[in-house]
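A note on names: the letters A, B, ... follow the listed sequences, proteins ahead of strands, and every chain is numbered from 1.
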Amino acid sequence: MEREYDFAAIEDRWMKTWISKKLWSAPEFPDPDRKRYLVTMYPYPSGDMHMGHVEIFSIHDSIARFYRMQGFDVLSPIGYDAFGLPAENAAIKRGIDPREWTYANIEKLHSSAQRLGCSFDWDRVIRTSDPEYYKWNQWFFLRFYERGLAYKKEAPVNWCPNDKTVLANEQVIAGRCERCDTPVTKKYLAQWFFKITDYADRLVDELELNVGWSDRLKMLQTNWIGRSYGAEVEFKIDGHHESVTVFTTRPDTLWGATFFVLAPEHRLAEELVRGTAKEQELAAFREDVARLTEIDRTSTERPKKGLFLGRYAINPVNDERIPIWVADYALLDYGTGALMAVPAHDQRDFDFARQYGLDVRVVIQPPDRPLDGATLTESWPHEGVMVNSGPFDGTPASDGVETVTKWLEESGIGRSAKNFRLRDWLISRQRYWGTPIPIIFCDRCGEVPVPDENLPVELPTGVDFTPKEGLSPLATAEDWVNVSCPNCGGAARRETDTMDTFVDSSWYFHRYTDPHNDEAPFDRAKADAWMPIDQYTGGIEHAVMHLIYARFFQKVLVEMGLARDPEPYPRLLNQGVITMGGKRMSKSRGNIVEPQEAFTRYGADALRLYMLFSGPPEAPFDWPPEGVEAIGRVTYPWLQRVWRLCEQNRDVVNVGEFHLGPAELALRRHIHRTVKIVTRDYESFSFNTAIARLMELVNNAHRYREVGGGHPGVMKELIETLLKLLAPMAPYLAEEQWHRLGHESSIHLEPWPTFDEELTKESTVTMVVQVNGKVRDTIDVPADISEEEMLQRALASDKIRSHLDGGEPSKVVAKPPKLLSLVV
RNA sequence: GCCGGGGUGGCGAAAUUGGUAUACGCGAUGGUCUCAAACACCAUUGGGCGCAAGCCCGUGCGGGUUCGAGUCCCGCCCCCGGCACCA
């Protein structure tokens with residue numbers, strides 16, 4: 001009996017069946033040679049599922065189901081990145097606890113993921129706001145602290161005046177808060193940092209271990225870490241006991257240094273003017289600079305401002321006294337916060353020198369046009385030979401850096417050095433909804449770590465969450481803050497800052513391998529059995545946040561003896577962003593397509609297939625303006641077509657060996673060729689072309705039936721193969737039809753179809769004949785044709801003969817069996 | 001400025017890595033079915049010339065290598081993205 005494609009009933013039934021039968025449970029220890037650990041970046045539960053989730057889940061889940069059918073032990077887990085600011089802001093707005101908002105959203109997201117047909121291992125779900133999870137954040141913090149990798153320091157830090165919390169450098173995008181887009185300012189605060197800079201070299205060098213990363217992502221991280229090579233040079237200060245070190249990438253221009261610049265906030269600047277007339281001026285200058293947002297401060301449009309300190313540095317290469325200035329273009333936290341200014345060969349120094357009438361001295365002379373500092377209109381940083389450079393006059397600039405650096409080392413004035421743009425990771429947050437930092441401050445003992453046996457330090461409830469300037473809401477929870485010192489028992493106070501949520505996400509994929517462990521964050525043996533992640537999927541927006549922090553964490557875990565692999569996810573797929581009308585989908589913009597509506601109108605299978613068919617997973621996808629109805633135009637009708645094909649042939653009985661005619665043989669060839677190509681497409685995540693190939697097979701099957709074909713054996717082979725190849729992408733329909741064919745067990749546990757190599761080869765192929773590089777005829781020939789035979793057949797063609805113009809080909813290039821190229 | 005990725009029909013996109021450019025799909029046009037419409041199915045669909053067989057042009061632009069270039073090389077243009085007063 002034929003039945004309509006009633007996707008709603010089908011999807012609901014199979015969703016429940018799969019979950020109750022725990023079909024996707026992964027073993028504790030996989031077969032080491034046949035394991036696939038597949039992770040998708042866990043979502044932030046800000047509400048119900050949106051199209052971004054649908055896309056990444058569809059990609060990830062199709063991969064997971066494919067490998068499961070390929071016979072791998074697959075671990076495909078999911079969790080929720082449950083701590084974070086939006087929950088807290090929503091809670092303040094509604095006067096509720098962030099827990100309420102967060103766990104309600106998790107419920108929604110959770111059931112939508114199940115509705116979409118995701119084959120996650122539902123017994124391993126992680127929620128980072130559970131004390132059972134964040135206990136281990138605290139545990140890791142303490143281990144980092146013991147290793148000197150966690151430290152508290154007073155420093156000018158990024159401050160978001162809107163969110164009223166500090167931000168890591170990685171969370172400042174073009175001078176603005178990553179979350180709310182507010183211009184960021186600097187604030188002096190004592191903050192906790194993780195010493196990621198200790199690993200800067202490895203974070204660059206070991207990128208090459210990540211063979212499955214895009215060049216783009218590697219480039220993003222490399223740029224972010226910003227390693228540059230050069231030299232450190234010691235400058236003495238006239239009349240001061242202390243010398244100062246500068247970093248330069250151009251030690252060959254040392255002789256061109258005509259002044260010296262300190263960052264306005266530099267401690268040394270203060271010391272150098274103490275008790276002089278300049279003291280007040282510097283204080284005023286500093287205030288001016290502090291008032292600027294980072295956007296203004298680092299804008300190249302704004303004229304540079306500086307202040308001469310009335311003191312002089314001694315250039316060690318020629319003993320010249322050069323004036324010391326503070327200038328707003330010198331940054332405290334890059335290099336040493338001090339620099340030698342070479343206006344002739346650096347544009348910024350040049351602008352500054354012109355503005356304040358400072359000397360400009362050319363020390364690299366281009367061969368063809370003599371330059372001097374007085375007539376220069378812009379800096380000259382390029383090739384030439386060194387001049388005005390004492391012993392190095394005449395040295396080609398190309399050798400300058402190396403030669404001078406060597407000399408600096410020999411003379412004891414400097415040394416080769418490298419410098420990084422990357423700063424230590426600021427992990428303190430002045431907000432409530434995060435992991436409390438497990439430190440206690442005692443007047444007698446100072447910083448005291450919370451003993452392991454007292455973990456977790458749980459978040460107090462009933463706290464006033466309203467943000468305070470530079471103070472965590474936890475500071476108002478007096479009962480919670482005041483504790484006795486674990487060391488001396490005296491009165492002490494808890495650290496009230498919480499951790500950046502990127503701490504949570506730096507190790508969550510280890511926890512999946514052993515999610516219920518209450519003795520340790522995870523068991524090393526279990527983690528080793530699954531790690532490293534075989535395929536990670538997620539957005540590229542985390543390129544210099546999560547994706548760099550977790551790599552740092554991994555390296556520390558290896559040193560702690562908790563992990564083996566230097567890189568946690570050597571293969572990474574960054575899905576493209578989904579937009580509508582070129583803009584990010586958002587409720588306020590009204591350009592949103594709701595997954596729930598797609599479920600109701602067309603079903604999860606049609607939605608998944610639509611996402612996958614839209615293009616390669618990495619490519620951005622602009623959803624068509626008609627919205628959800630696009631699915632009703634593209635993949636939903638096709639699924640109905642597949643359904644119809646199955647229904648029309650469901651009752652075919654396999655009556656044994658029929659004679660296979662040419663039509664049947666051709667169809668079987670198509671089936672086997674499709675298996676071969678589609679398998680390869682899955683392996684390279686080319687879902688869009690895999691679907692195209694399946695469409696061709698379905699078209700062909702309908703065509704075969706229309707001309708009266710109906711061989712039961714071949715149709716059965718076709719339909720069963722088609723369903724299996726489709727199953728990872730459209731799991732519900734495949735399962736339903738599989739059962740309607742009479743099978744008892746799930747199609748998703750069936751072995752992946754194999755193909756007969758012989759059948760993938762065509763017996764005849766189309767030979768293309770070119771004359772002088774142009775296609776002039778196509779001739780059907782046997783696949784095993786010889787070169788001589790090819791030529792004979794070509795010469796037998798009227799079309800070819802007319803193009804040869806009666807002459808003989810002077811050159812023949814044959815690529816049997818498909819191509820013959822003749823030249824006359 | 002430095003670095004990365006791109007540019008193929010009206011649209012989303014293919015092209016086994018040097019071998020029939022535009023698979024698959026959307027849209028469009030025509031047709032079958034229908035009282036009619038929707039659905040479904042079939043056909044056509046890069047541009048130009050031609051009654052036709054067929055010919056010419058065509059993968060951002062200009063050169064080059066090759067029997068043959070979307071693919072390789074050289075020089076440009078444009079778009080997207082990252083870093084950037086980073087010494």
Using Watson-Crick or G-U wobble pairs with both distances under 3.5 Å, give me RNA chain B in dot-bracket, 5' to 3', with [ ] for crossers and | for pairs to another strand. (((((((..(((......[....)))((((((.......))))))((((....))))..(((((..]....))))))))))))....
For A/Arg348, check salt bridge (Lys or Arg N to Asp or Glu O under 4.0 Å) against everything at least two apart and list the hits.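 Salt bridge (Lys or Arg N to Asp or Glu O under 4.0 Å) check on A/Arg348 returns A/Asp346.
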For RNA chain B, which residues of residues 540-549 of chain A approach it to below 4.0 angstrom with any heavy atom?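 Contacts with RNA chain B under 4.0 Å: none.
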Given protein heavy atoms under 4.0 Å, the one-letter contact record of nucleotides 14-21 of chain B, with B base, S sugar-phosphate only and - none, is simply S----BB-
Can you tell me how far [atom1] in [N] sits from the matching atom in [M], rounded to whole Å?
{"N": "B/G46", "M": "B/U22", "atom1": "P", "result": "9 Å"}
{"N": "B/A15", "M": "B/U71", "atom1": "P", "result": "15 Å"}
{"N": "B/G70", "M": "B/U20", "atom1": "P", "result": "10 Å"}

Using a cut-off of under 3.5 Å, enumerate the N/O to N/O pairs linking the protein to nucleotides 2-10 of chain B.
{"unit_1": "B/G5", "atom_1": "OP1", "unit_2": "A/Asp215", "atom_2": "OD2", "d": "3.4"}

Run the side-chain donor-acceptor check on residues 415-422 of chain A: report pairs under 3.5 Å with partners two or more places apart or on a different chain.
{"unit_1": "A/Arg415", "atom_1": "NH1", "unit_2": "A/Glu232", "atom_2": "OE1", "d": "2.7"}
{"unit_1": "A/Arg415", "atom_1": "NH2", "unit_2": "A/Glu234", "atom_2": "OE2", "d": "2.9"}
{"unit_1": "A/Lys418", "atom_1": "NZ", "unit_2": "A/Asp201", "atom_2": "OD1", "d": "3.3"}
{"unit_1": "A/Lys418", "atom_1": "NZ", "unit_2": "A/Asp201", "atom_2": "OD2", "d": "2.9"}
{"unit_1": "A/Asn419", "atom_1": "ND2", "unit_2": "A/Tyr334", "atom_2": "OH", "d": "3.3"}
{"unit_1": "A/Arg421", "atom_1": "NH1", "unit_2": "A/Trp224", "atom_2": "O", "d": "2.7"}

Checking salt bridge (charged side-chain N to carboxylate O under 4.0 Å, His left out) against A/Asp328, which of A/Arg302, A/Arg291, A/Lys304 comes through?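 Only one of A/Arg302, A/Arg291, A/Lys304 forms a salt bridge (charged side-chain N to carboxylate O under 4.0 Å, His left out) with A/Asp328, namely A/Arg302.
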Got a sec, which residues hit side-chain hydrogen bond (donor to acceptor under 3.5 Å, both in side chains) with A/His542, two or more places apart in sequence or on another chain?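 With sequence neighbours excluded, A/His542 shows a side-chain hydrogen bond (donor to acceptor under 3.5 Å, both in side chains) to no residue whatsoever.
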By side-chain hydrogen bond (donor to acceptor under 3.5 Å, both in side chains) - contacts of A/Gln770 (at least two apart):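 In terms of side-chain hydrogen bond (donor to acceptor under 3.5 Å, both in side chains), with neighbours along the sequence ignored, A/Gln770 is linked to no residue.
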Are A/Phe259 and A/Phe352, when compared by the centres of their aromatic rings, separated by less than 6.0 Å?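 Ring centres of A/Phe352 and A/Phe259 closer than 6.0 Å.
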Check residues 213-220 of chain A and write down every donor-acceptor pair under 3.5 Å in which the side-chain atom is one partner and the other belongs to a residue at least two apart or another chain.
{"unit_1": "A/Trp213", "atom_1": "NE1", "unit_2": "A/Tyr569", "atom_2": "O", "d": "2.8"}
{"unit_1": "A/Ser214", "atom_1": "OG", "unit_2": "A/Leu217", "atom_2": "N", "d": "3.1"}
{"unit_1": "A/Lys218", "atom_1": "NZ", "unit_2": "A/Asn210", "atom_2": "O", "d": "3.4"}

Every protein N/O lying under 3.5 Å from an N/O of nucleotides 44-50 of chain B:
none

Could you state the atom-to-atom distance from NZ of A/Lys799 to P of B/A53 in whole Å?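 Answer to the nearest Å: 10 Å.
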Determine all donor-acceptor pairs shorter than 3.5 Å in which one atom belongs to a side chain in residues 808-824 of chain A; sequence neighbours excluded.
{"unit_1": "A/Ser810", "atom_1": "OG", "unit_2": "A/Val823", "atom_2": "O", "d": "3.1"}

Extract from the structure each pairing of a protein N or O with an N or O of nucleotides 38-41 of chain B at less than 3.5 Å, listing the distance.
{"unit_1": "B/C41", "atom_1": "OP1", "unit_2": "A/Arg641", "atom_2": "NH1", "d": "2.5"}

